[in-house]
> 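The structure under discussion is supplied below as C-alpha cells; questions concerning it will follow.
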Number of protein chains: 2
Amino acid sequence: MERLFGSVTIKINDKIYVKDPQSSDLGKRIIEQSILMINDIGFEGFTFKKLGNQIGSNESSIYRYFENKHKLLLYLTSWYWGWLEYQLVFATNSIADSSEKLKKAIEIVTRPTVEDSAFSYINEVLLNNIVINEYSKSYLTKEIDSENKEGYFVIYKRMIERFNEMISAVDSEYKYPSSLASTILEGSLHQYFLKDHFPTLTDCHEKGDATKYFTDLVFHTLRTK
Amino acid sequence: MERLFGSVTIKINDKIYVKDPQSSDLGKRIIEQSILMINDIGFEGFTFKKLGNQIGSNESSIYRYFENKHKLLLYLTSWYWGWLEYQLVFATNSIADSSEKLKKAIEIVTRPTVEDSAFSYINEVLLNNIVINEYSKSYLTKEIDSENKEGYFVIYKRMIERFNEMISAVDSEYKYPSSLASTILEGSLHQYFLKDHFPTLTDCHEKGDATKYFTDLVFHTLRTK
DNA sequence: GCAAATATAATAGTAATACTATCAATGTGT
DNA sequence: ACACATTGATAGTATTACTATTATATTTGC
C-alpha cells in the first residue's frame, strides 16, 4: 500500500516504553525480532534473554526499552491497531454514503493482512498472527483497570468508537452499536484463530469469507435507509 | 435450578487430570478453593503452593491431582461448559419450534450465571467469571493442536455444534452457522468482560441486555420460515 | 484387629524466569 | 580531550514450576 506522505509513524502511548524503540537501531531490532520470535515460540515461551541472544544483544539492554515482556506486547499490539486504524481512516475517509463506508470499514478489519513496505522492520502479517493469538492476553490481566486508566488501550478503543459511529450513521435507531463494533473486531480475530485450530467451529475457510460473514451479519441487523 | 435425577455429574476427559478430583475430599477442596483463588488473584498469580497453603495441604499433594495449573484450568472450564451444556439441553430439549428453541438456547448461554445448589463445592458464579477472564488462555497456547487432538476441548466444541444445528434448523440456507455459533458463545463472554472493564465498548450494561443483543443479531440474520 | 495398600504431608532440591544492580567498554558531540 | 549517553557483561535474588524421596496418616481387606 502506498502512503500519501513520506513518513507516517504510528504514535504509541509513551508510558508503554521506557525508551522509544523507534529512536534507535537496537530499538528497531528489538521490535523486528520480537515479532519473529513471539510468532515462532509464542508469548509464554518468549523471554528477553532469548531475544537478546537472537539479536546479539544483552538482556539488560532490552530492559532499557521495555520494563517487561507484557509492555512489549502492549507496544506491538498498539502498533498493530494504530496501523490498522490508519488504513481504516485512509480507506473510508472519502466515502460519503454511510452504508458503503461501513462496508469498506468491515472489509478493512476482516480481510487477511498483507505486508506494508512502508515499515521495513515490521512484518505486519506475522504481527497480525500475534494479535490473533496473543492480544487478549494483554488485557486479560489483573492490572487491566489501572492500565486502561493509563491509556494503554486507547487506539483499540478509538477504533471501536469509529465503528460505533459508522454503524450509527447507517442506522441511528440501532440499540447496540458499540457491542456490534466490538463483536466485529474481536470476532474477526477469533474466526481466523478458529480457521487454524478449530476448523469445525467456523465457516470462514477461504479468503474473503470473514468479510462476507461479518458484512452479512451487520447489514441484516441494521435497517438501512 | 432443580435437577431431575439425584446426582448428575459432569463428565470430564480423564486425560485432563492425574487423579479424579471428584473422587476424594481433598480433590473437591482443590476444585472449590482454586475457583475462589483464581477468581481472586487471577490465573497468572495463582500457584499450587499458594493453593496448598490456603487449603491447609501440600503443594506435592495437588500435583497428584493435576500435572500443572494449565490442566487445572482446563478442568475448571470444561466443567463449566459441561454444566452449561446440561442446562442448554435440559431447557431446549422439549421445544419443538426451531425458532423458539434457538431463542431459548441463546438465552441460556448469554444470561448471567446463577448459583446451582446441586454442586455444593463449585461456585458457578465465580467459575463463570473465571471463564470470562481466563478461558481464552486455555487455548491460546502453542500446545493447542495436540491438546485438541487429545480431546481437551470436546465439550466446548459440542456446544458450538449444538448451536450450529439449531441455527441450521431455523434457516437451512444460512451459510455461516458455525461462525455464528462461535460468535455467540465467545462474543457473549466478551460482552460481559467489556461491561466490567471497557464499558464504553459495549451496550450490554443491564441484566438481559446481552441476551437481547444476540437474539436481535441472530434473528435479523436468519430467515425464519 | 492387624497387615498391606493407599493417600497425604513434609522436606529438599533443580532449572528457569524475571528481574535489579553494578561496572566496563564504546561511541558521539563539542 | 572530555562529558555523556548507549550498550554489553557479569553477578545476584526471589519466585516459579516442578521432581524426588521419605515419613506419616488413613483406609481396606481379610
Side-chain angles (χ1 to χ4, degrees), chain A residues 14-34 37-38 40-76 121 134 137-138 140-143 146-147, chain B residues 14-34 37-38 40-76 121 134 137-138 140-143 146-147:
Chain A
D14 59 16
K15 285 176 193 150
I16 289 180
Y17 48 78
V18 181
K19 176 178 173 169
D20 185 0
Q22 300 197 60
S23 72
S24 76
D25 189 65
L26 177 60
K28 284 174 194 160
R29 268 189 300 143
I30 289 172
I31 299 305
E32 180 181 31
Q33 295 297 315
S34 66
M37 215 170 173
I38 294 173
D40 205 38
I41 63 176
F43 186 65
E44 276 55 59
F46 170 81
T47 70
F48 281 0
K49 192 166 198 176
K50 290 178 190 167
L51 179 62
N53 280 336
Q54 189 157 74
I55 65 183
S57 177
N58 197 276
E59 200 187 355
S60 60
S61 302
I62 300 167
Y63 276 103
R64 292 210 187 78
Y65 285 84
F66 294 100
E67 276 176 61
N68 50 51
K69 68 176 185 171
H70 169 69
K71 290 280 180 82
L72 171 57
L73 180 62
L74 285 174
Y75 184 90
L76 295 177
Y121 61 98
E134 324 285 359
K137 295 173 195 166
S138 77
L140 295 177
T141 68
K142 279 286 159 186
E143 294 74 36
S146 62
E147 294 193 346
Chain B
D14 60 16
K15 285 177 196 150
I16 289 180
Y17 48 77
V18 182
K19 177 179 169 168
D20 185 0
Q22 299 197 64
S23 71
S24 77
D25 191 63
L26 177 61
K28 285 174 193 160
R29 269 188 299 144
I30 289 172
I31 299 304
E32 179 181 30
Q33 297 295 317
S34 66
M37 215 170 173
I38 294 173
D40 206 38
I41 63 176
F43 186 64
E44 274 58 56
F46 170 82
T47 69
F48 281 0
K49 192 167 197 173
K50 290 179 190 167
L51 180 62
N53 280 336
Q54 188 157 77
I55 65 182
S57 177
N58 196 276
E59 199 188 356
S60 61
S61 303
I62 299 165
Y63 276 103
R64 291 215 187 73
Y65 286 84
F66 294 101
E67 276 176 62
N68 49 51
K69 68 175 184 171
H70 169 69
K71 289 279 180 82
L72 172 55
L73 180 62
L74 285 175
Y75 183 91
L76 295 178
Y121 62 98
E134 324 285 359
K137 295 172 195 166
S138 77
L140 295 177
T141 68
K142 278 286 158 186
E143 293 75 37
S146 62
E147 294 193 345

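Just so it is clear, the structure is predicted and the values come from calculations on it, not from any experiment. Convention: sequence-line order gives letters A, B, ...; per-chain numbering from 1.
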> How close or far is atom C1' of C/dT17 from atom CZ of A/Phe43, stated in whole angstroms?
13 Å
> Please list, chain by chain and in numerical order, all residues satisfying side-chain hydrogen bond (donor to acceptor under 3.5 Å, both in side chains) with A/Ser24, sequence neighbours excluded.
A/Tyr65
> Could you give the NZ-to-P distance, from A/Lys49 to D/dG8, as a whole number of Å?
16 Å
> What is the distance, to the nearest angstrom, from the CG atom on A/Leu72 to the P atom on C/dA18?
12 Å
> Output all residues satisfying side chain to side chain contact (heavy atoms under 4.5 Å, CB included) with A/Glu32, sequence neighbours left out; order by chain, then residue number.
A/Arg29, A/Tyr121
> Kindly give the atom pairs (protein nitrogen or oxygen, nucleotide nitrogen or oxygen) under 3.5 Å for nucleotides 25-30 of chain C.
none

> I need the CG-C1' distance between A/Leu73 and C/dA18, as an integer number of Å.
16 Å
> Can you sort out which residues in residues 16-34 of chain B have a heavy atom within less than 4.0 Å of DNA chain D? Ascending by number, please.
none
> Round to the nearest Å and state the distance from A/Asn53 atom CG to D/dT7 atom P.
18 Å
> Is there side-chain contact between B/Leu73 and B/Phe46, with at least one heavy-atom pair below 4.5 Å?
no
> Taking the six-membered ring of A/Tyr17 as reference, does the NZ or CZ atom of A/Lys71 fall below 6.0 Å from its centre and within a 45° cone about the axis?
no
> Test of understanding: with ring-ring contact (aromatic ring centres under 6.0 Å, His included), list the residues that count as partners of A/Phe48, not counting sequence neighbours.
A/Tyr63
> Contact between A/Glu134 and A/Ile38 at the side-chain level, heavy atoms closer than 4.5 Å - yes or no?
yes
> Please report the distance, rounded to the nearest Å, between CZ in A/Phe48 and P in D/dG8.
15 Å
> Can you tell me which residue pairs pass the side-chain hydrogen bond (donor to acceptor under 3.5 Å, both in side chains) test with a partner in residues 44-53 of chain B, sequence neighbours excluded?
B/Glu44-B/Lys137
> Do A/Ile30 and A/Pro21 come within less than 4.5 Å of each other through their side chains, counting heavy atoms only?
no
> Find the distance A/Leu51:CG to C/dT17:C1' and express it as a whole number of Å.
15 Å
> Do B/Ile31 and B/Leu72 come close enough that some side-chain heavy atom pair is under 4.5 Å?
yes
> With A/Lys15, which residues qualify under side chain to side chain contact (heavy atoms under 4.5 Å, CB included), at least two apart?
A/Asn13, A/Glu150, A/Tyr152
> What integer distance in Å separates B/Ile41:CD1 from D/dT16:C1'?
13 Å
> According to side chain to side chain contact (heavy atoms under 4.5 Å, CB included), who are the partners of A/Arg64, at least two apart in sequence or on a separate chain?
A/Ser61
> Roughly how bent is the helix from C/dG1-D/dC30 to C/dT30-D/dA1 end to end, in steps of 10 degrees, with each end axis from five pairs?
20°
> Of the residues in residues 57-70 of chain A, which ones touch DNA chain D at a heavy-atom distance under 4.0 Å?
A/Ser57, A/Asn58, A/Ser60, A/Ser61, A/Arg64, A/Tyr65
> Can you name the residues that form a side chain to side chain contact (heavy atoms under 4.5 Å, CB included) with A/Glu143, not counting sequence neighbours?
A/Thr141, A/Ser146, A/Glu147
> Just to verify, what does B/Phe66 make a ring-ring contact (aromatic ring centres under 6.0 Å, His included) with, not counting sequence neighbours?
B/Tyr75
